[in-house]
Protein chains: 2
Amino acid sequence: MTLSAIAKRRQAQLEALIDAAEARIIAEGVASLKARDLASDIGVALGGLYNIVADMDMLLLKVAQRTMERLDAALEAGAASVVADTPRAAITQLVAIAHAYYDFSRNNLRLWRALFEMRLKNPDLPEWNRQAQLGLFRHMNAPLARLRPEADEVARTLTARTLFAAVHGVVVIGLEERLIAVPAAAMKQQIEWLVRAACEGFVSPA
Amino acid sequence: MTLSAIAKRRQAQLEALIDAAEARIIAEGVASLKARDLASDIGVALGGLYNIVADMDMLLLKVAQRTMERLDAALEAGAASVVADTPRAAITQLVAIAHAYYDFSRNNLRLWRALFEMRLKNPDLPEWNRQAQLGLFRHMNAPLARLRPEADEVARTLTARTLFAAVHGVVVIGLEERLIAVPAAAMKQQIEWLVRAACEGFVSPA
DNA sequence: AAAATAATTTGAACGTCGTTCATTTTTAAT
DNA sequence: ATTAAAAATGAACGACGTTCAAATTATTTT
């Protein structure tokens with residue numbers, strides 16, 4: 001067996017493990033993810049998990065990474081669904097991105113929740129995970145740049161972050177089924193109102 | 001010993017327990033709250049905790065309740081710091097409420113985080129806790145009513161919720177020290193921009 | 001005041017969890 | 001075939017929340 005074949009096998013094991021973890025999170029939520037279950041899922045002894053992954057936290061981070069990659073793609077697709085050639089269209093594009101975020105969260109509820117429900121023993125995230133999170137904010141940057149081309153780059157990045165965070169908050173509370181479930185259509189309206197209102201206050205003075 | 005004296009003692013034990021839990025959350029975060037530590041904190045045997053409180057989840061809910069009461073008071077104070085006699089002043093009042101939320105979160109970081117980091121075994125909250133959460137949204141209702149007196153009550157409640165949620169999202173991401181810490185002054189500016197922009201899109205047509 | 005009864009407190013023990021590590025099994029090299 | 005290295009195993013560990021039979025303390029009855 002060649003060296004790279006060994007690496008391939010490890011990689012396959014890792015992917016099977018992440019698959020199993022994802023499936024269990026989707027089925028029962030991140031809280032009921034157990035090392036013993038996962039080990040039996042992928043046909044490995046309990047201790048064998050730790051040959052594949054340093055610990056449970058690392059596994060959760062890998063799952064989170066996958067989820068964020070899919071989320072990133074969903075936001076990209078949302079943005080691509082609108083041609084933002086005018087300021088008005090740029091705002092519509094921002095709405096599309098926000099709606100894409102809501103749709104993704106709704107359709108991947110437990111995986112999406114797992115992003116925030118991770119309670120890691122080591123509080124500081126690996127750099128690749130941090131970058132993936134920060135990368136999500138960037139989707140709103142280009143449309144905002146079209147709204148105010150002359151604005152400072154740093155300020156715009158902060159604005160993108162704030163706008164994204166605001167949408168995030170609305171989605172979080174809206175999907176918090178412990179409180180009152182708001183219908184999807186109403187949620188989308190609220191999100192659209194919020195994004196449009198925020199952006200009206202951001203367009204360059206005519 | 002009279003009947004009520006017994007009840008008093010229980011009440012005192014409960015309060016001591018909540019105090020101890022709060023202190024530990026403030027010192028080390030909710031994740032490192034241990035039954036054994038708390039028992040020794042209040043001078044009771046391990047099993048004795050369960051004479052005071054049904055389980056750890058119930059204790060967390062009691063702590064959350066206290067925190068929400070204090071938060072509620074802080075929002076009330078924020079609102080009271082502005083006399084909202086005109087539409088313009090109503091917007092300023094909304095900004096004050098949002099700033100009060102941010103300030104409270106920043107000044108009570110771990111207790112505030114504990115509100116969301118609770119992972120309860122039983123997912124549905126007791127009614128008193130649910131009401132306390134929903135009650136937080138209501139602070140934005142009166143100012144919004146002044147902005148659009150003719151608007152539908154239900155729609156306004158939903159708007160208040162959305163606006164609060166948006167501010168919440170900005171605060172959550174802003175205080176997420178795992179990413180990039182934004183200075184408090186910049187945060188306040190962002191929050192003010194967001195609230196004002198959202199409200200401009202909500203005033204009655206003149 | 002003593003005995004009987006009820007209420008409360010106790011801490012050892014249980015079940016579950018993530019993680020470790022000595023042992024065994026499998027694989028690769030000689 | 002022999003040996004050495006690598007990988008997989010699962011019993012055992014420590015930490016955790018929770019339970020419960022036993023001990024202790026308080027109350028009532030005689």
Side-chain angles (χ1 to χ4, degrees), chain A residues 1-18 20-22 24-25 27-64 114 117-123 126, chain B residues 1-18 20-22 24-25 27-64 114 117-123 126:
Chain A
M1 202 180 221
T2 80
L3 180 72
S4 87
I6 293 176
K8 278 269 153 56
R9 206 170 96 73
R10 272 272 184 261
Q11 189 62 27
Q13 277 185 312
L14 175 58
E15 263 156 38
L17 180 55
I18 300 176
E22 270 189 350
R24 287 212 173 255
I25 291 172
E28 326 167 56
V30 72
S32 50
L33 206 61
K34 307 291 141 86
R36 283 166 178 80
D37 291 342
L38 291 170
S40 96
D41 281 349
I42 65 170
V44 155
L46 177 55
L49 286 185
Y50 300 87
N51 300 328
I52 307 176
V53 120
D55 55 15
M56 277 298 195
D57 284 2
M58 186 51 77
L59 174 57
L60 285 176
L61 285 168
K62 300 265 190 190
V63 171
E117 296 185 356
M118 287 191 300
R119 299 291 161 248
L120 306 180
K121 293 189 301 287
N122 179 353
Chain B
M1 203 181 221
T2 79
L3 179 72
S4 85
I6 293 175
K8 277 270 154 54
R9 208 171 93 72
R10 273 273 185 259
Q11 189 61 28
Q13 276 185 311
L14 175 59
E15 263 155 37
L17 180 54
I18 299 176
E22 270 189 349
R24 288 213 174 253
I25 290 172
E28 325 168 55
V30 72
S32 50
L33 206 61
K34 305 291 140 87
R36 283 164 178 82
D37 291 342
L38 291 169
S40 97
D41 281 350
I42 65 171
V44 154
L46 177 54
L49 287 185
Y50 300 87
N51 301 328
I52 307 174
V53 120
D55 55 15
M56 278 296 197
D57 284 2
M58 185 52 76
L59 175 57
L60 285 177
L61 284 167
K62 301 263 191 194
V63 172
E117 296 186 356
M118 289 191 299
R119 300 286 160 249
L120 307 180
K121 291 189 301 286
N122 179 352

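By convention in this document, chain letters (A, B, ...) are assigned in the order of the sequence lines, proteins followed by strands, and residues within each chain are numbered from 1.
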- Return each pair, listed once, that meets side-chain hydrogen bond (donor to acceptor under 3.5 Å, both in side chains) where at least one residue sits in residues 30-39 of chain A; pairs must be two or more places apart or across chains. none

- Query: Which pairs pass salt bridge (Lys or Arg N to Asp or Glu O under 4.0 Å) with one or both residues in residues 44-61 of chain A, sequence neighbours excluded?
  - Reply: A:Asp55-A:Lys121, A:Asp57-A:Lys121

- Item | Sequence-distant partners of B:Arg119, side-chain contact (heavy atoms from CB on, under 4.5 Å), two or more places apart | A:Glu117, A:Arg119

- Message: Going by side-chain hydrogen bond (donor to acceptor under 3.5 Å, both in side chains), name the residues that satisfy it together with B:Glu15, two or more places apart in sequence or in a different chain.
- Response: B:Gln11

- Note on the structure: Rounded to the nearest 0.5 angstrom, the CG-CE distance for B:Leu38 and B:Met56 is 5.0 Å

- Note on the structure: Residues passing the side-chain hydrogen bond (donor to acceptor under 3.5 Å, both in side chains) test with A:Glu28, sequence neighbours excluded, are A:Arg24

- Task: List in chain and number order the residues that pass side-chain contact (heavy atoms from CB on, under 4.5 Å) with A:Val44, two or more places apart in sequence or in another chain; answer none if no residue qualifies.
- Result: A:Gln13, A:Ile42

- Using five base pairs at each end, measure the axis-to-axis angle across the helix from C:dA1-D:dT30 to C:dT30-D:dA1 and round it to 10 degrees. 20°

- Query: Just by protein heavy atoms under 4.0 Å, how would nucleotides 10-24 of chain C read 5' to 3' in B, S and -?
  - Reply: BB-B---BBBB----

- Establish, with yes or no, whether the OP1 or OP2 oxygen of D:dA26 is under 4.0 angstrom from a side-chain nitrogen or oxygen of B:Arg9. no

- Note on the structure: Residues passing the side-chain contact (heavy atoms from CB on, under 4.5 Å) test with B:Ala39, sequence neighbours excluded, are B:Leu49

- Item | Length of the CZ-C1' vector between B:Arg10 and D:dA26, whole Å | 13 Å

